[in-house]
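The structure appears below as structure tokens.
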Amino acid sequence: MARPNEVVAALLQEYADLISITGGDAFKVRSYERAARAVAGYHADVSALDVDGLKQIPNVGASIAEKVLEFLHSGQVEAIEKLRATVPAGVRELTRIPTLGPRKAMTLFRELGVSSVPALAHALDDGRVARLKGFGPRTAENIAHGIELLRRGGGRVLISTAMAVAEEVVAAIAAVPGCADCAYAGSLRRMRDTIGDVDILAAARDSAPLMAAFTRLPQVAEVIAHGHTKSSVRTIAGLQVDLRVVAPEVWGAALLYFTGSKPHNIRVREIAVRHGLKLSEYGLFRVSEEEDDTLVVAETEQEVYEKLGLPWIPPPLREDRGEIEAALAGELPDLVAGADIRGDLHTHTDLTDGVSTLAEMVATARARGYRYYAVTDHAKDMPMQRMTDEKMLAQRAALRAMDAGRMALLHGTELNIDPDGGVDWDADFLAGFDLCVAAVHSHFHQSREQMTRRLVRACENPYVTIIGHPTTRQIGRREPVDFDADAVFRAAARTGTAMEINSYPDRLDLNDELVLRARRYGVKFAIDTDSHATVHLDFLRYGVGTAQRGWLSRDEVINAWPLARLRRFITANRS
DNA sequence: GCCGTTTTCGGCCCGACTGTTTTCAGTCG
């Protein structure tokens, strides 16, 4: 079951969409969108709040608080039901089609009675759409194309997929003569777990050569837009990539703009307005009635933030989830960074389902400059892994005999949490490991109560130091398991069990939102790669990005600690 | 509908590109 906050947030977002489609006040739309976001990210369960409690949520005032209460009491909101009655749900679906927004969707419904994607496809086929006032052959074509994209998945890709494309494009554009600077921005720079499109920013006096090179890249299947300062393409793999070219002296303002998020940008621009300034991708300007606006700063992000009375805000925080308020109060977290990570605590070898040998994994870890490294192959309860006590002990002997220089080697295992919350071995055998990760690998559809009890019991096992990939989600393939996250996080904090941030790009588990919730209970975290091959150790960057999005500092991440402190954390659990 | 170092009313981010248009609406980020 979804958390009440998510249900309420979805409802508020739906209301915002319905107001937008029916041509309501755009500012009202934004109010509901903001409230939806604030509710989704709010730490307390909204179903336990009264009016005053609800109004404590940013962007929730008397009117929205009352609607939330109405929903919690009766299961519906009259105002929303009224709009639902005038606009079929299918019309809202239409706005998911790229290039088709609320105004056109409403026109299609009002003029043609279209209220579903198939009905729209019909209307396109027989030419009714192109004959509508304000529409035309090109618009009809674009909508048809948009439907096709939506059908092909149209969705988001893993961060690793987007990163590979971005790094290729950045390298290609940076190599064009006249390019002063080039970087990726957008949700990729903010390190979101999935990416909708790739945003690239470049600095140059003359944009034309860069735009030409961009639209002719071998990966390009289709040019969506081609202008002087902005072009968009779609790659053969279906990913949209936008290139924005600005003058080198406005790099910072453009990078800030192009990094987003959109809600963050709006908040920052509002602060500018209150200072009598105007912020756009071309810089921070002092607004003047008589003459042209004068440029204040634009060259670096730091300068722009500083002129607005803000410290530089790291991109992973830029989601309008309280970072503006924290920045104004001088309370931004000192985020954990990749360089802070002293070792990986969840990795595999070819003894179980890995493809690299113990020696290869250790050598690669050592080359990364780690101070410690844990090998945690699967334990004996997963039959497909064919693990035995003897094989595990032999691996331990081999590990102990290795010389990894200044890097300490830890012998661990990834235990399987059985349906009742037990693990593969008894205390005597577990005591022989330096470290145990425990994770769910089966029985994903237990009831919420069973799954909660299962994970709490695993936390209570004195030999379990880390809960691996706690929700077991696989992005785009498997939903997270259902459990009472607050209960599990309370147990983790109480028992001194770390929650993993699994860096594998299709997991990123915990995700940023759960990290934010867990840290409120004082939970500690381990940022691991769950590597099954040497190349996977590089996935750490995505786990670090997720941790940063969860506002984590070095002190909250056990594998950013010196080995002695990590060992104390492990043994404190066991005594 | 929310909000306040121009406060309880009157604001509310800003610009690029496209398509259907003779000056702008819609969409996107």
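In what follows, chains carry the letters A, B, and so on, assigned in the order in which the sequence lines appear, proteins first and then strands, with residues in each chain numbered from 1.
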Under-4.0 Å side-chain N/O to phosphate OP1/OP2 contact, [X] with [N]:
| X | N | value |
| --- | --- | --- |
| Asn265(A) | dC14(B) | no |
| Lys28(A) | dC12(B) | no |
| Ser63(A) | dG1(B) | yes |
| Arg30(A) | dC13(B) | yes |
| Thr229(A) | dC17(B) | yes |

Answer yes or no: does atom CD of Glu306(A) have more than 12 heavy-atom neighbours from other residues, nucleotides or ligands under 6.0 Å? no
Has Glu78(A) got more than 12 heavy atoms of other residues, nucleotides or ligands less than 6.0 Å from its CD? no
Indicate yes or no: at least one non-hydrogen side-chain atom of [X] is less than 4.5 angstrom from one of [Y].
| X | Y | result |
| --- | --- | --- |
| Tyr32(A) | Lys67(A) | yes |
| Val268(A) | Ile324(A) | yes |
| Arg190(A) | His264(A) | no |

Keeping the roles fixed (side chain from [X], backbone from [Y]), state whether a donor-acceptor pair exists under 3.5 Å.
| X | Y | answer |
| --- | --- | --- |
| Gln56(A) | Gly53(A) | no |
| Thr107(A) | Arg103(A) | yes |
| Arg318(A) | Ile313(A) | yes |

Just call it for [X]: base, sugar-phosphate, or nothing, with non-hydrogen atoms closer than 4.0 Å on any strand.
| X | result |
| --- | --- |
| Lys67(A) | sugar-phosphate |
| Lys262(A) | base |
| Tyr257(A) | base |
| Asp25(A) | base |
| Ile64(A) | sugar-phosphate |
| Arg267(A) | nothing |

Side chain of [X] - closest among [options]:
| X | options | answer |
| --- | --- | --- |
| Ala225(A) | dC17(B), dA16(B), dC2(B) | dC17(B) |
| Glu270(A) | dC12(B), dA16(B), dG1(B) | dC12(B) |
| Arg103(A) | dC14(B), dC12(B), dT27(B) | dT27(B) |
| Ile266(A) | dC13(B), dA16(B), dG1(B) | dC13(B) |
| Asn142(A) | dC14(B), dT18(B), dG1(B) | dT18(B) |
| Lys230(A) | dC17(B), dT27(B), dG1(B) | dC17(B) |
| Asp197(A) | dT27(B), dC12(B), dG29(B) | dG29(B) |

Ion pair present between Glu111(A) and Arg131(A), side-chain N to carboxylate O less than 4.0 angstrom? no
Rounded to whole angstroms, how far apart are [atom1] on [X] and [atom2] on [N]?
| X | N | atom1 | atom2 | answer |
| --- | --- | --- | --- | --- |
| Leu201(A) | dG15(B) | CG | P | 17 Å |
| Ile57(A) | dC3(B) | CD1 | C1' | 16 Å |
| Leu94(A) | dT27(B) | CG | P | 12 Å |
| Leu54(A) | dG1(B) | CG | P | 16 Å |
| Tyr282(A) | dG15(B) | OH | P | 9 Å |
| Lys104(A) | dA25(B) | NZ | P | 13 Å |
| Leu243(A) | dC17(B) | CG | P | 11 Å |
| Leu100(A) | dT18(B) | CG | C1' | 15 Å |

Polar side chain donor-acceptor pair, [X] to [Y], under 3.5 angstrom:
| X | Y | result |
| --- | --- | --- |
| Asp512(A) | Thr546(A) | no |
| Ser187(A) | Arg192(A) | no |
| Tyr521(A) | Asp486(A) | yes |

Could you measure between the two [atom1] atoms, the one in [N] and the one in [M], and give it in whole Å?
| N | M | atom1 | answer |
| --- | --- | --- | --- |
| dC14(B) | dT20(B) | C1' | 24 Å |
| dG10(B) | dG15(B) | C1' | 25 Å |
| dG29(B) | dT23(B) | P | 29 Å |
| dT21(B) | dG26(B) | C1' | 13 Å |
| dG1(B) | dT5(B) | P | 23 Å |
| dG19(B) | dC13(B) | P | 28 Å |
| dC3(B) | dT8(B) | C1' | 10 Å |
| dA16(B) | dG11(B) | P | 26 Å |

With pairs defined as Watson-Crick or G-U wobble and both distances under 3.5 angstrom, please note down DNA chain B as a dot-bracket string, | for pairing with another strand. ((((....)))).((((((....))))))
Which of parallel (below 30°), tilted (30 to 60°) and perpendicular (above 60°) describes Phe539(A) and His536(A)? parallel
Protein N or O to nucleotides 20-23 of chain B N or O, pairs below 3.5 Å:
from: dT20(B); atom 1: OP1; to: Gly136(A); atom 2: N; distance (Å): 3.0
from: dT20(B); atom 1: OP1; to: Gly136(A); atom 2: O; distance (Å): 3.1
from: dT20(B); atom 1: OP1; to: Pro137(A); atom 2: N; distance (Å): 3.2
from: dT20(B); atom 1: OP1; to: Arg138(A); atom 2: N; distance (Å): 3.2
from: dT20(B); atom 1: OP1; to: Thr139(A); atom 2: N; distance (Å): 3.0
from: dT20(B); atom 1: OP1; to: Thr139(A); atom 2: OG1; distance (Å): 3.2

Nearest heavy atom decides the nucleotide; on that basis, is Gln240(A) or Pro58(A) closer to the 5' end of DNA chain B? Pro58(A)
Closer to the 5' end of DNA chain B via nearest nucleotide, is it His275(A) or Val60(A)? Val60(A)
